Each structure stands twice: as C-alpha cells, then as structure tokens.
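Down below is the structure, laid out as structure tokens.
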Amino acid sequence: MPTEPFQIAGSIEDALSAMATGARPVAGGTDLVVGARQGKSPLPSNLVAVDRIVELSTIEQNAEGVIVGAGVTHATLMTDPLITSGYTALADAAALVGSPATRNVGTLGGNVMNGSPAMDTGAPLIVLGAMIDLRSQGGSRRVAPSKLWTGPGSTSASDDELCVAVALPKRSERSGSAYVRLEYRRAMEIAVVGAAASVELNDEGVIEQVAIALTAVAPTIVALEGLTDLVGRRVDEDVLAAVAAIASSQAQPISDLRAGADYRAHTVGVMARRAVDAAARRAAGETIEVPVNRAEGVGRTDRP
Amino acid sequence: MTDTVDQSVQDGRRRFVRADGPDKVTGSGRYTADLQLAGMLHAKFLYAGTARGRIRRLDVEPARRVPGVLAVLTDADVPDVRYSPGVADRRLFARGTVRFEGEIVAAVAATTPEAASAAISAIELELEPLPPITDPEAALSEDSPLVHPDWADYDADEGVVRSGNTASFSSLSRGDAASAMAKAETVLSSRYVADGCHAVPIEPRAIVAQWEGEKLTVWTSTQVPFDARAGICETLGLPTNRVRVVVPHLGGGFGGKCGFHFEAHIAALARAAKRPVKLVFTRAEEFLAPDRRREGMTIELTSGLDGDGRIVARQGRLVLDGGAYLADKAFFPQLAAMQATGPYQIPNLEVEAHLVYTNHQPAGSVRAPTAPQGCWAVESHTDELAAAIGMDPVRFRQVNGLDTGTTGPTGQVYDAIGLQDCIDTATSMLDPTSETADDEAYGVAVGWWPSFSSPSGAYVKIDDDGKGQIITGAQECGTGAVMTLRQLAADEVGLQPEDFELVYQDTSAAPFDMGATGSQTLFNNGRAVVAAASQLADQLKELAANRLEASASDIVLADGHASVTGTPSVTVPITELAGEAAGGALLLGHGSSPELAYPTGTATCVGDQGMSAWLSPQFSCHVVKVRLDRDTGVARVTNVAAAHDSGRILNHTGALGQVHGGIMMGIGQALTEGTVYDDQGKQRNAMLLEYKLQTAADGPAINVEFIESYPGEGPAGAKGLAEAPNVATAAAVSNALAKLAGRPIRQMPMTAERVWNELKPSPSNNDTSITEEGR
Ligand SMILES: Cc1cc2nc3c(=O)[nH]c(=O)nc-3n(C[C@H](O)[C@H](O)[C@H](O)COP(=O)(O)OP(=O)(O)OC[C@H]3O[C@@H](n4cnc5c(N)ncnc54)[C@H](O)[C@@H]3O)c2cc1C
C-alpha cells in the first residue's frame with residue numbers, strides 16, 4: 001500500500017502550506033475520522049493535523065470583542081470565563097457536544113467548518129454576531145457565518161482556507177444569550193432541533209435588540225426574521241408565545257429518523273421561547289448555569 | 001458451619017474484587033479482537049443487503065483475483081447442511097434466496113481488512129428483489145407469500161407447532177375464559193405494540209479460527225461456547241473432540257451473543273486459506289447480522305373483573321415478529337404468553353401466541369426474551385383495569401397478585417414466594433401515593449421470570465500450596481456469575497474466594513455448560529462447583545482426621561484451617577494438608593448439577609415448550625418516578641425503587657450491578673430504543689447515534705432491596721438473577737407516563753414524539769374499549 005502523507009503542523013504557516021498542496025486539515029477528528037469510519041466519506045488521503053498549533057487555541061479580548069481561536073475545544077469554551085459571562089449561548093452549546101471525550105478534542109473550528117445543519121455552536125454564533133476568520137496562502141478574509149454555510153456539510157470556504165478564529169463582537173452590559181436544544185438523552189446526542197437567542201434590554205427591562213437562530217430545521221442554521229415587532233416590549237408570556245410561533249413558522253424541517261417535520265416545527269418553537277426566556281433573564285442579571293439544558297431541563301425535566 | 005466462619009461471608013454480603021475486574025478496568029485483559037496470530041488473515045462477509053430476493057447470479061471469481069485474497073466461500077463451498085435448534089431452517093450461506101438484509105451470501109479472507117473489503121466489492125451479485133414480508137399480522141393470513149416456501153420439508157422438533165409463516169405457535173388455556181368473561185362485571189380490552197430492539201453489547205463480535213492439522217481452535221466472543229462448538233461440528237461435519245472453542249474476555253452480550261452464528265464461516269475460511277483467519281464486526285454489522293434481536297410484538301389483552309375487582313378471566317392474542325429464521329426461539333410464544341398473563345391469580349385463561357416468519361432480521365434471546373414487552377403490555381393493562389373500577393393500582397396488584405400458597409394462571413401452586421413482599425418493599429421505598437409536582441408521576445409494575453435447570457459441570461482442585469483452581473464450563477458474560485463461583489468453592493473448603501483462580505470459557509478444558517444464557521450460570525454451575533468442592537472438603541477432612549486423630553465427621557473447615565468440632569485448638573492449616581495430598585492422593589473434585597424436577601401446572605397447552613410452570617420463580621416490583629416535559633414529550637426517569645425476590649443473594653455487589661443494569665436497559669426500551677425500518681424491511685438506525693441507548697448521564701437514582709426469605713433451588717438457596725431486573729421497568733415507566741399523558745402510550749419505545757402525539761388533543765387516540773355491565 002502506498003503511504004499517504006500525514007503532517008503535523010506546528011504553525012499556521014505550516015498548515016497553510018500543506019493545504020496549498022491539497023492537504024485537508026484535521027483538528028479533533030471527531031467529525032472527519034468518525035464520519036469516515038461510518039462510511040460517510042472516505043478519510044482524505046492527505047491530512048494535516050492542526051490541533052497542536054498554539055496560535056489557534058487562544059481566547060483573547062480586545063477593544064472590539066473576543067477572538068476565539070479555531071482550535072479552542074468545546075471543553076474550554078464551556079468553562080472559559082470570557083465565554084460563559086459574555087457569550088453564554090456559545091458555552092451552553094459547547095457544553096452539550098457529545099461526551100467529555102468529544103468535548104476535550106472537538107474544536108470550534110471543526111464544528112464551524114464541518115457545516116452540519118445540526119451543529120450546536122452555529123445558532124449561538126449567528127445570534128452573537130460572530131464573524132469567521134479564514135486564511136490561506138493567498139490572504140485573509142472575514143465572513144459572516146450565514147455566508148459561510150451554504151448547505152448541509154458544505155461551506156463557501158475554498159479547500160486551501162484554514163479557519164483561524166471566530167470573532168465575537170463586544171456585548172452590552174444588559175445583554176444575555178442562551179442556547180437550548182431538544183435532546184432525547186443527556187450525552188452522546190445530536191440536536192433534534194435547537195435555538196439560540198440573544199437579548200439586549202434597556203434600563204426598564206424592555207427589549208432593545210433580539211436575535212434568534214435555529215438548529216436542524218433547514219439545510220443550514222437559520223436566523224429568524226421579522227423580530228422587530230418584539231423590540232420595545234417586555235419579555236412576557238405574549239412575547240414568548242410570539243417567539244414560538246415565529247420560530248415554528250419559519251422552520252423548514254424535514255422528517256427523518258430523529259423526528260417528524262411536524263414535531264420539529266413545534267418543538268423548535270418551544271426551544272426558541274425557552275432560549276429567549278433564558279437569554280432575557282441572563283440579560284436582567286439572573287445566573288442560569290451553563291448549559292441551560294441542564295439548569296432548566298431537557299425541557300424542564302431537570303429541575304433539582 | 002461453625003461460628004468461626006466469617007459471618008459476612010455467610011450472609012453473602014462479603015465484598016470481594018471480581019477476578020476479571022482488574023484486567024477489564026486496567027486494560028490488561030485480552031478480548032478476541034486483540035488476538036494476533038502469525039500469518040493471520042482478515043475476513044469480511046458479503047450480505048444480501050435486500051430483505052427478500054432471489055439470487056439470479058453470483059460470481060465470486062473477480063474477488064479471487066483481488067491481490068491478497070486467499071479464500072472466497074459461498075454456499076457451494078461448505079457441506080450441504082441445514083441446521084438450527086427446533087427447526088432446521090438455516091444455512092451458513094444463502095442458497096437461491098435471501099430472507100433478510102443481513103443474510104450472508106459470501107465470505108472472503110485476505111491479508112488485510114482493506115483487501116478483504118475490496119474483494120467483497122468485487123463480487124458480482126445479481127438479486128431479483130421480491131416484495132418483503134414485513135408485517136407479521138399480514139404474514140399470518142392464508143394468502144401471504146411464505147418466507148420459507150419449503151417449511152414443511154425442514155427437520156423439526158415434534159413439539160414445535162408450525163404452519164406456513166407461523167414458525168412456532170403456543171397457547172395457554174385453563175378453565176373457561178369465554179364464559180367467565182361473559183359473566184364478568186367489568187370487561188376491558190387493550191392493544192399494545194412493541195417495536196423490536198437490540199442487545200447492543202459494547203464489544204462487537206470477533207472470531208479467530210486456526211487449524212493445526214485436523215484440529216480446530218476457535219476464539220470467539222460468544223456467550224455459549226459449547227453451543228458454538230456444536231454448531232461448528234454440525235455444519236462442518238467435525239467430531240466434538242477436534243474442535244476447541246475458547247472465549248477470551250467477553251465484552252458483554254445481553255443475549256445478543258447467544259447461539260451459534262459465524263464461527264463456522266471463519267473456520268471454513270481458515271481451512272480453505274490454510275491460515276488463521278480473524279473476523280471483527282463493525283458496529284453496523286453488530287446491529288444487522290446476528291440472529292439475536294429483541295422481537296417486535298403485538299399484544300391484545302381482554303380481562304374480566306368481578307364486583308370485588310378480582311380478575312376472573314383473561315384472554316390474549318400475541319403476534320411476535322420472529323424475522324427470517326427461528327434461531328433459538330421456538331419457546332418464545334409460550335414464554336411471551338406467560339409474560340402477558342403476568343403473576344396473577346386468574347382462574348380462567350385463554351392466551352394464544354404466534355411467532356411469525358418475516359423478512360426482518362431474526363429475533364432471538366435477548367436478556368429476558370419476551371418479558372419487557374409482555375410485562376409492559378400486561379402491566380399497562382393492569383393499571384387500566386384498576387382505573388376502570390376506581391381501585392388503587394397497588395391495591396389491585398395486592399388483591400390479584402400471586403402469594404405463597406396461591407394458584408397461578410396456569411395452575412401452578414406456589415409454595416413460598418416473595419411477590420407481595422416485593423410490592424410492599426418497593427412501594428415503601430418510593431411511595432407512589434406521595435405528592436408530586438404536576439409534571440411528575442409514579443408508576444408501578446410487577447414482574448416475574450423463571451429459573452432454568454440445565455446440565456453443567458466443573459472440576460475443582462487444590463494444589464500443593466493450598467491454592468485452588470476452578471475449571472468450569474461456565475461462561476462469564478459480565479454478570480459476575482462465574483466470578484461468584486469462587487465464593488461457593490471457598491465456603492465449601494474453608495478458604496477465601498481469593499484463594500481460587502478460574503479456568504473458564506474453554507470447551508476442551510472443562511465439562512459442559514449451557515453458557516451465559518437464561519440466568520442459569522450460578523444456578524446450575526454453582527451447584528456443580530459446590531458438588532466438586534465438597535469432594536475436596538471430604539478429602540481434606542479425611543487427611544485432617546488422620547493428622548488430628550479425630551473422626552472425619554468431626555472436622556470443620558474454616559478460615560484456612562481444619563479443626564476438630566468443639567476443640568478449635570486442635571487444628572491444622574489447609575496448606576499443610578494440601579502439601580501432604582500433593583505427595584499422594586491429589587485434591588481433585590468434579591461435579592455436575594443434578595437435574596431439578598420441574599413443577600407442573602394444570603393448563604392445557606398447544607405447542608407446549610415447557611414454559612407454563614416455572615422452577616424457582618423470581619418476582620419483582622419496580623416503582624419509578626417520571627418527569628414529563630409536556631411541551632416536547634421528553635420524559636425522564638428520576639427515581640427507581642426495585643424489590644426483587646431472586647432467592648438468596650450470593651454476591652451482593654454483583655447482584656446490585658445486575659439490577660442497576662437491568663433498570664437502565666428497561667428505561668432504554670421504554671423511552672428511546674427501537675429498531676426503525678424502511679418500507680423495504682431494512683433497518684434505518686443500525687448505528688449508535690440513531691439507536692439511542694441510555695447513557696450514564698441519563699441514570700436515575702436507583703434503590704434496590706432483595707427479598708431473601710424465599711430460597712430457590714440453586715446453590716445455597718439462590719435463584720437466577722440476571723434477566724429478572726430487565727422485566728418490569730419499562731412497564732412501570734409506561735404507567736407513570738399514562739398518568740401524565742392522560743392515557744397509555746400504546747407503542748414502545750414510548751418516544752418523545754409518540755408521547756407528544758398522544759398529548760395533542762385528538763379523540764381517536766384511545767383504543768381501549770371498556771364495557772361495564774350492570775353498573
Ligand atoms: C460522539 C460524538 C458526539 C458529537 N456530538 C456533537 C454535538 O452534540 N453537537 C455538535 O455540534 N457536534 C457534535 N459532534 C461533532 C463534532 O464533535 C463537532 O462538530 C466538533 O466540533 C468537530 O471538531 P473537530 O475538531 O473534531 O473537527 P474535525 O473532525 O477535525 O474536522 C471537521 C471538519 O472541519 C475541517 N476543519 C477542522 N478544523 C479546521 C480549520 N481550522 N479550518 C478549516 N477546516 C477545518 C476538517 O477538515 C473537517 O472537514 C459529535 C461527534 C461525536 C463523535
């Protein structure tokens with residue numbers, strides 16, 4: 001058998017030069033390798049490991065916000081104080097990924113670049129206004145996630161582009177975010193549906209800004225439209241009911257093994273209302289432990 | 001025994017480290033897939049991939065030309081043998097027809113797994129697909145096509161009642177159910193449907209076969225090494241004494257590794273290739289290929305109550321989806337009928353059960369076969385009955401449930417049984433009448449399960465240093481049953497469990513045992529070990545009697561010493577006696593389990609498979625607390641209390657593990673585990689991501705009590721144990737969910753989506769019919 005190249009990149013430059021000659025990056029391998037073993041697509045013959053690149057695994061704060069390296073693992077995301085305080089929805093999502101083993105090796109960059117419509121960090125990144133930093137030997141560019149994800153498992157990045165970081169814009173004091181997903185069990189699960197919300201309140205507790213995005217109800221993660229009517233209102237039962245209705249109506253779910261389309265359309269509304277509720281409460285200063293799913297229950301079934 | 005014996009050992013509460021524990025925990029243990037032999041090849045199978053079809057063309061020549069391929073086999077290359085217990089309906093390789101997607105068409109051995117896969121892809125197979133027979137009810141109709149058109153020509157045991165697609169039929173009948181029903185005060189009918197599900201051992205199956213001349217050794221991850229040997233001998237035409245089956249550590253089985261499956265294929269490949277050959281299943285193969293899957297089942301029950309809420313009659317009809325081959329399940333219909341009848345006093349009974357051939361994967365023994373589904377149906381039905389007459393469901397079970405001295409539904413009279421104690425104990429551990437939040441409810445269910453007598457043998461020896469070995473035919477599948485044998489031997493000769501090592505899972509070293517199946521290991525092999533060890537005890541007592549100048553009948557063996565009764569100072573260490581024996585008559589014992597007499601009932605049974613009256617019956621009561629998210633239908637079991645009468649408990653730590661595991665498996669069956677088929681009879685969720693086992697994170701708080709006052713006929717009063725904990729949990733969950741949803745969820749698993757569908761307001765959801773005459 002011919003031996004195939006497997007390189008271990010020590011720096012971003014190493015990785016980019018390997019990718020320029022056709023190597024596929026592998027970070028935690030929890031999508032790439034597991035997918036290959038399941039027969040989804042064969043393991044690429046030319047691989048470059050990017051998990052040891054130190055520059056990819058930092059979380060840094062600057063004037064514009066926080067830059068999260070693409071190699072940061074879910075285990076770090078769910079516990080890092082910058083993320084849990086300011087970008088809690090992302091921590092909620094990271095804390096739900098797989099199992100401790102999956103979270104210890106699986107990365108944000110891998111999740112983003114894998115582009116699954118069921119990815120858990122996707123909806124949080126959209127509501128938090130994140131931008132994705134891509135780099136190749138040809139240069140760097142910054143894209144919005146909605147421009148990056150083009151379909152199930154496909155992105156607009158070219159094969160030689162490495163995701164180096166995710167940029168999270170600065171958040172106001174009175175903002176909160178949350179991610180909630182429907183799951184049938186509490187580990188090793190994949191989102192049946194999920195929703196992230198970001199809410200910013202004014203001093204009177206009235207909504208100034210709200211963003212909601214949905215997981216696993218369309219070919220890519222989708223941001224909800226038509227939320228402007230909610231601005232200027234308090235987060236009460238009426239607002240939450242409206243959120244659920246908007247989410248259910250904008251979802252275009254499919255029926256598959258995990259759930260029927262009707263059930264998905266209904267439950268994504270439930271997830272959206274719970275996400276907005278938790279985000280608003282966090283915005284108002286309440287502490288809800290990460291992840292919301294465990295603090296509040298796989299749908300409220302987990303109350304202590 | 002005397003008062004010098006450690007009491008903590010006597011009452012079975014002594015905790016000792018299981019002999020295979022350190023190996024398994026540290027990774028030093030070796031499993032079949034770890035074995036490497038010089039020159040070893042890798043095997044792959046070509047599966048039908050189609051649920052039903054005719055083989056139009058099969059050309060394996062292109063596979064032979066793939067570099068590295070040393071053997072390719074099909075039906076044409078193995079002896080012309082149709083085999084299988086009960087009904088010989090099976091061949092190693094498909095001949096002419098394929099009957100389920102996992103049917104093996106060809107096998108390849110090559111120098112690498114990749115070459116073997118390439119060879120499989122190179123095989124040219126043309127299948128003419130036929131419409132699959134997937135609905136067992138439809139398969140029963142006169143005009144259904146037959147899964148086995150030649151069924152009447154197959155060799156079969158006389159007792160198996162068969163016809164067309166009915167692979168095995170059984171009934172239980174006692175009294176006059178029809179007229180008792182007509183006179184009943186309240187009559188209620190219900191219908192329940194359980195999907196099939198899987199055993200899912202974490203170790204996928206692995207086999208290594210090696211020939212040395214005419215002698216064959218097969219290392220295999222089986223629960224039943226002697227059965228595997230018998231299958232190899234039958235299909236390849238070999239005498240028993242030239243085939244040795246060895247099981248390295250087994251990574252779980254749950255019934256899924258019972259029966260003879262693939263060992264002969266690998267042995268035949270090894271013979272053809274003249275090299276050792278290894279097979280390791282992928283997870284998908286582990287889901288699709290074995291003929292051990294928990295059967296889907298439809299259960300229709302009608303019960304009549306008198307004015308006092310006593311069950312006067314029960315009628316039932318069960319249809320079991322048997323899949324393409326009978327495998328080991330000729331007895332399932334009768335056992336299912338017992339399960340769907342339940343541990344109740346029912347004077348008039350009429351239940352019939354049809355096990356049906358379909359083009360699904362064959363079903364077979366999975367932990368407590370037929371029980372979780374049958375119990376789920378009858379216990380859900382029982383709560384419906386109690387509700388129909390406004391009686392508390394626990395009270396209903398106390399009134400109607402079996403008790404010491406009562407007569408069961410098939411006329412068996414129970415001497416001393418702990419069902420009522422189980423109900424009292426479990427409901428006091430977790431009181432189902434206590435207050436809950438409005439999204440929580442309790443559910444209660446009772447269950448029962450037999451113990452089985454089977455021939456089983458062991459040798460026990462003590463070497464010159466006073467250390468012993470148990471050489472047993474028994475197989476350890478993880479339950480700890482074999483591990484507990486050390487304690488039985490030690491108690492017999494006054495040594496400690498740690499003084500014994502085990503030689504096991506090797507058909508050439510030890511006498512016969514049925515294997516890790518039917519909760520029978522400790523029940524039967526335990527008696528064999530006690531018999532063997534008691535011969536050693538007699539030998540030691542003779543030696544001690546000479547030494548101590550006393551009568552052998554006055555010698556007691558305890559704490560590593562032989563002493564004279566009443567004069568503990570007159571004593572000699574067993575090590576010394578062992579040293580003495582090493583120079584003369586060696587300390588060697590052998591034992592086998594005497595056949596136990598089975599009790600009888602009075603029921604009339606068509607297709608009797610010996611399941612209508614039970615030896616050392618076990619009873620249980622599970623109480624669960626369930627929380628339901630009404631917005632999504634997601635349910636979570638938060639607490640379980642389980643009380644079990646499994647006779648005397650010999651190894652408390654091990655027994656608790658069995659109950660905990662049984663409960664987790666029951667919760668999975670209740671809520672998340674079920675095979676999903678496409679419209680062509682192929683499984684859609686043959687993978688761990690989509691077949692949702694419960695995880696440790698899902699585990700509820702579990703409390704267990706053993707009712708030990710009713711000894712069974714096993715060693716030291718034990719009964720079986722490993723399957724009983726898997727009987728009642730799903731039923732208890734169902735009863736809690738029914739309270740929360742306002743009506744029973746009639747299909748299992750009771751998935752979130754199914755529960756949600758029931759919660760949606762729709763009048764058509766209820767298919768229970770209640771008639772309350774004279775009310
Ligand atoms: C048991 C299990 C459970 C899981 N549960 C979840 C879950 O709950 N939620 C969820 O969202 N996901 C889940 N996953 C999927 C997976 O763990 C995550 O998507 C993870 O974040 C992937 O990261 P990785 O580093 O392992 O990616 P890899 O597998 O290394 O890579 C994934 C893809 O991204 C590309 N890639 C990786 N890094 C870069 C980069 N820096 N730049 C460009 N391309 C890159 C790779 O080439 C590949 O195509 C689970 C996986 C497993 C095995």
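Each chain gets a letter, A, B and so on, in the order the sequences are listed, and its residues count up from 1. Since this is a predicted model, take the numbers as computed values, not measurements.
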Give the minimum heavy-atom separation between B:Glu753 and A:Arg258, together with the two atoms involved. OE1-O, 4.4 Å

Would you please test A:Met188 and B:Lys692 for side chain to side chain contact (heavy atoms under 4.5 Å, CB included) and show each step? CA-CA 9 Å; A:Met188 307 300 282; B:Lys692 308 259 180 219; over 6 Å; no

For the student: nearest non-hydrogen atoms of B:Leu689 and A:Arg185, plus distance: O-NH2, 4.2 Å

d(A:Asp262 CG, B:Trp756 CH2) to nearest 0.5 Å is 5.5 Å

Structural part of B:Glu690 lying under 4.5 Å from a heavy atom of chain A: side chain

Greater than 12 external heavy atoms within 6.0 Å of A:Arg233's CZ: yes

Would you say CD of A:Gln38 has more than 12 non-hydrogen atoms from neighbouring residues, nucleotides or ligands within 6.0 angstrom? yes

Interface residue of largest heavy-atom contact number with chain B, from A:Ala187, A:Gly39, A:Ser99, under 4.5 Å: A:Ala187

Using a 4.5 angstrom heavy-atom cutoff, name the option from B:Thr751, B:Asp698, B:Thr695 with the most pairs to chain A. B:Asp698

Under 4.5 Å heavy-atom distance to chain A, tell me which part of B:Leu693 shows up: side chain, backbone, both or neither. both

So, do B:Arg636 and A:Arg186 sit near enough that their side-chain heavy atoms are less than 4.5 Å apart? yes

Quick one, B:Val634 and A:Glu183 - any side-chain contact, counting heavy atoms below 4.5 Å? no

Could you check whether any side-chain N or O of A:Tyr184 sits under 3.5 Å from a backbone N or O of B:Leu671, counting only pairs where one atom can act as donor and the other as acceptor? no

Salt bridge flag under 4.0 Å for residues A:Asp256 and B:Arg684: no

Is a side-chain donor or acceptor of A:His266 paired with a backbone partner of B:Asp631 at a separation under 3.5 angstrom? yes

